[in-house]
Protein chains: 2
Amino acid sequence: MALKEQKREITINDIAKELNISPSTVSRALNDNAKISEATKEKVKAVAQDLGYELNLVASSLSKNKTNVIGVIIPNIGSQFFAKALSGIQEVARANGYNVIICQTNESVQQEVDMTRVMNSARVDGLVCCLTMETKDVGHFDVFTKKGIPVAMFDRVSYAVPGPKIVVDNYEAAYTATEHLINLGCKRVAHLAGTTSSKVFCDRTEGFKDALQKNDLPLLPQYLLSSDLTEQDARDAVRIWMNLPDKPDGIVAASASSGLIISAAAKSAGVRLPEDLSIISLGNERCNEFVTPSLSAVDMPGYDMGKSAVEQLIKCIKSEKVDSSITLKPIQLLIRNSSFKH
Amino acid sequence: MALKEQKREITINDIAKELNISPSTVSRALNDNAKISEATKEKVKAVAQDLGYELNLVASSLSKNKTNVIGVIIPNIGSQFFAKALSGIQEVARANGYNVIICQTNESVQQEVDMTRVMNSARVDGLVCCLTMETKDVGHFDVFTKKGIPVAMFDRVSYAVPGPKIVVDNYEAAYTATEHLINLGCKRVAHLAGTTSSKVFCDRTEGFKDALQKNDLPLLPQYLLSSDLTEQDARDAVRIWMNLPDKPDGIVAASASSGLIISAAAKSAGVRLPEDLSIISLGNERCNEFVTPSLSAVDMPGYDMGKSAVEQLIKCIKSEKVDSSITLKPIQLLIRNSSFKH
DNA sequence: TTGAAAGCGCTAACAT
DNA sequence: ATGTTAGCGCTTTCAA
């Protein structure tokens with residue numbers, strides 16, 4: 001136990017006194033203001049260093065009415081997609097001198113609403129956001145829009161909120177994945193879909209349906225299961241499908257995690273992969289390479305999306321214009337052994 | 001493109017004018033000060049709501065000399081251990097009204113040093129930190145210690161910095177894992193160790209060595225490989241070991257990721273798991289359950305460690321005492337098929 | 001090139 | 001129970 005030492009922080013006033021100059025000169029010198037002589041700058045910086053001065057960002061923010069902080073609201077850090085996005089966000093932010101404050105919503109709309117209030121109170125200069133799967137109403141972003149604080153959204157976005165959007169074509173992702181299975185020779189392709197309240201998952205479902213139709217395959221209702229994509233949902237889906245008289249011979253999983261579970265469940269049910277059943281997941285995780293058979297996937301570029309979101313956001317902050325451009329990031333079909341034609 | 005609207009923020013002064021009372025009364029009312037009449041509080045809150053007032057945390061922080069922000073410095077968000085820790089940190093922080101600003105060091109000491117400066121400038125109320133594998137000198141934390149700002153460290157800690165420490169017994173983890181393989185009948189147990197500049201990995205190596213010794217197994221130098229645990233390192237290790245006349249029949253991997261790669265590499269080299277080779281990794285990831293054979297591991301409780309770190313930190317912040325207690329979190333041996341006795 | 005002074009929005013000691 | 005006032009540390013007009 002050590003008592004808190006009451007060493008007051010060094011301020012620009014301390015530096016000013018030390019040099020017998022005014023605080024404003026010190027401030028300007030430290031900020032490399034053009035009108036300050038090199039001599040003064042050097043002296044000021046030397047003393048600052050000597051005294052161990054560090055800018056008080058709180059005071060600076062208050063007086064500049066700018067915090068240099070970007071707020072990030074994401075559903076959960078646990079998913080590799082978001083972890084990568086966060087890395088991208090972090091890196092670009094830091095490289096541009098922004099700090100990042102982060103909140104997870106855990107897919108709860110209420111938490112999302114709460115978090116926007118926190119971000120507003122913190123007076124962030126901009127917001128990067130991926131909505132929860134359930135977010136319908138986006139009124140909680142109005143406060144930023146009204147103040148001209150830009151909000152960049154990625155992946156799960158709402159076009160009702162102005163600001164840059166970074167997305168992938170989820171329809172195409174599912175279409176490509178489904179067609180890949182069909183090209184492999186699959187005749188009975190099933191889809192474990194996500195919640196219908198999320199556009200991302202609706203698009204994926206549409207892509208799935210259209211791929212079947214374009215390839216003259218019937219869409220059997222029992223082959224299209226919608227769920228929250230929990231572990232249990234995935235296991236249930238496999239159980240249901242494998243008890244059908246006409247078992248599917250191909251499965252498109254709406255998420256990376258459900259794909260992994262489907263594959264594991266099918267395997268332990270004695271289904272031979274990929275001979276009897278091909279599987280592909282929408283969303284790729286590191287693990288997909290390690291399982292047996294390795295799991296094919298459509299990769300969504302998380303890192304890139306996070307990176308672009310902040311880049312666009314900073315552009316808005318700097319220009320004081322809110323640009324509602326849409327950036328479509330390319331997806332990538334990763335064919336692995338779970339869907340390999342022999 | 002929308003032009004930034006210049007709507008000034010609502011302040012307590014606006015509320016004060018509206019009600020013909022003083023700003024301090026407003027401030028007190030909003031903060032539920034005991035000396036303010038219920039009637040006034042209600043009026044103030046009603047008007048605040050009406051006007052869409054939101055506390056300016058920047059101004060509040062400056063005047064209170066307290067930001068309600070906790071800084072977090074971690075090596076990388078990509079690892080599941082840190083992602084979980086971050087979740088724990090986030091949750092406890094938010095539940096206690098703290099915001100969290102996060103920086104990744106990417107295992108770079110220089111970045112770690114830079115990040116401490118940022119955190120200092122941001123005047124965080126406390127710091128949660130997991131050191132890089134290479135951090136030796138910890139002078140960059142002195143600035144916090146001197147000011148009485150608590151620094152809680154977890155996993156990779158330095159006892160040279162005062163403050164709570166949340167750790168696991170890495171010696172025990174490796175000892176337990178190694179002995180588990182020995183009990184299985186393994187006679188030639190190898191260890192892919194991490195860098196010797198990190199205490200965590202040194203402890204693990206010691207645990208490995210001692211388990212061999214206590215069980216009267218020789219420690220052959222070629223069975224103990226130290227590395228940075230990159231993907232390439234893991235592959236190289238497998239190649240080296242599998243070309244030995246006396247191939248190991250058990251491997252203890254110093255990290256979760258290296259364990260997964262070792263297992264995959266061994267499999268594709270045609271080694272039968274677990275018949276010819278048992279594998280266990282120190283650190284568990286979701287993926288360990290999904291690979292074939294499922295990969296045994298010693299689980300390190302990331303979520304719990306993050307949670308405790310913040311709990312202890314907040315205790316220090318509130319009491320204005322820096323408590324250097326050490327919390328040892330229990331580890332868990334997860335026996336899966338990669339080390340299963342038949 | 002530098003200084004003086006006001007102000008960012010809130011809090012808190014002191015007064016009433 | 002409420003008002004007055006000063007101040008947190010910095011930036012920024014305006015003046016010199």
Side-chain angles (χ1 to χ4, degrees), chain A residues 6-45 47-48 51-69 97 120-125 147 149, chain B residues 6-45 47-48 51-69 97 120-125 147 149:
Chain A
Q6 274 306 359
K7 228 184 156 184
R8 205 179 45 74
E9 304 264 1
I10 306 297
T11 73
I12 52 171
N13 296 303
D14 298 321
I15 303 179
K17 269 175 209 152
E18 182 78 21
L19 287 168
N20 264 308
I21 57 178
S22 83
S24 39
T25 303
V26 174
S27 172
R28 284 188 273 246
L30 292 173
N31 287 301
D32 267 325
N33 185 306
K35 304 185 180 173
I36 297 292
S37 73
E38 279 307 318
T40 313
K41 280 187 191 173
E42 275 172 35
K43 269 188 286 181
V44 168
K45 286 178 184 173
V47 174
L51 265 44
Y53 170 81
E54 285 287 347
L55 172 66
N56 184 329
L57 276 180
V58 181
S60 172
S61 297
L62 180 62
S63 100
K64 287 202 290 193
N65 194 27
K66 177 166 189 335
T67 53
N68 265 279
V69 168
N120 182 30
S121 263
R123 298 295 192 264
V124 296
D125 290 343
K147 292 196 293 185
I149 304 290
Chain B
Q6 273 306 359
K7 228 184 153 185
R8 204 179 45 71
E9 303 264 1
I10 307 296
T11 72
I12 51 171
N13 296 303
D14 299 321
I15 303 177
K17 268 175 210 153
E18 183 78 20
L19 287 169
N20 265 309
I21 56 177
S22 84
S24 43
T25 303
V26 175
S27 172
R28 284 187 273 244
L30 292 172
N31 287 299
D32 268 325
N33 185 308
K35 304 185 180 174
I36 298 290
S37 73
E38 279 308 319
T40 313
K41 280 187 192 174
E42 274 172 35
K43 270 188 284 181
V44 168
K45 286 177 184 173
V47 174
L51 264 42
Y53 170 82
E54 284 288 347
L55 172 66
N56 184 328
L57 274 181
V58 180
S60 171
S61 296
L62 180 63
S63 99
K64 288 201 290 193
N65 193 29
K66 176 163 191 336
T67 53
N68 265 281
V69 169
N120 183 30
S121 263
R123 299 294 193 264
V124 295
D125 290 342
K147 292 196 293 187
I149 304 290

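Values below: every heavy atom of this structure, side chains too, minus hydrogens, waters and symmetry copies. A note on names: the letters A, B, ... follow the listed sequences, proteins ahead of strands, and every chain is numbered from 1. This is a predicted model, so every value here is computed, not measured.
When every heavy atom of B/Asn13 is checked against every heavy atom of B/Pro23, the shortest pair comes out as OD1-CG, 3.3 Å. Considering every non-hydrogen atom in both A/Arg123 and B/Glu54, the closest pair reads NH2-O, 3.1 Å.
Listed nucleotides: C/dA13, C/dC8, D/dT12. Nearest to the side chain of A/Arg28: D/dT12. For B/Thr40, taking side-chain heavy atoms from C-beta onward, the closest of the listed nucleotides D/dT2, C/dG3, C/dC10 is D/dT2. Picking from D/dT2, C/dT2, C/dG9 the nucleotide with the shortest atom distance to the side chain of A/Leu62 gives C/dG9. Looking at the side chain of A/Ser27, the nearest of the listed nucleotides C/dT1, D/dT2, D/dT11 is D/dT11. The side chain of B/Ala59 lies closest to C/dG9 when the candidates are C/dG9, C/dT11, D/dT2. Relative to the side chain of A/Thr25, the nucleotides C/dT2, D/dA1, C/dG9 differ in distance, and C/dT2 lies closest. With C/dT2, D/dA1, C/dC10 as the choices, the nucleotide that has an atom nearest any side-chain atom of B/Ser63 turns out to be C/dC10.
Shown here is B/Lys17, whose NZ atom has no more than 12 heavy atoms of other residues, nucleotides or ligands within 6.0 Å.
Within 3.5 Å, a donor on the side chain of B/Ser24 pairs with an acceptor on the base of D/dT4, or the reverse.
Within the nucleic acid shown, A/Lys35 comes within 4.0 Å of at least one base atom, counting heavy atoms only. Using a 4.0 Å heavy-atom distance criterion, A/Asn56 is classed as a sugar-phosphate-only contact.
Remark on DNA chain C: of its neighbouring residues B/Asn13 and A/Lys41, the 5'-side contact belongs to A/Lys41, judged by nearest-heavy-atom nucleotide.
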> Step by step, would you call A/Leu30 with A/Leu55 a side chain to side chain contact (heavy atoms under 4.5 Å, CB included)?
Replying inline: CA-CA 9 Å; A/Leu30 292 173; A/Leu55 172 66; over 6 Å; no
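Across the protein-nucleic acid pair, B/Asn68 atom CG and C/dC10 atom P stand 15 Å apart, rounded to whole Å. Rounded to whole angstrom, the span from the CG atom of A/Leu30 across to the P atom of D/dC10 amounts to 9 Å. For B/Leu57 and C/dC10, the CG to C1' distance is 11 Å, given to the nearest whole Å.
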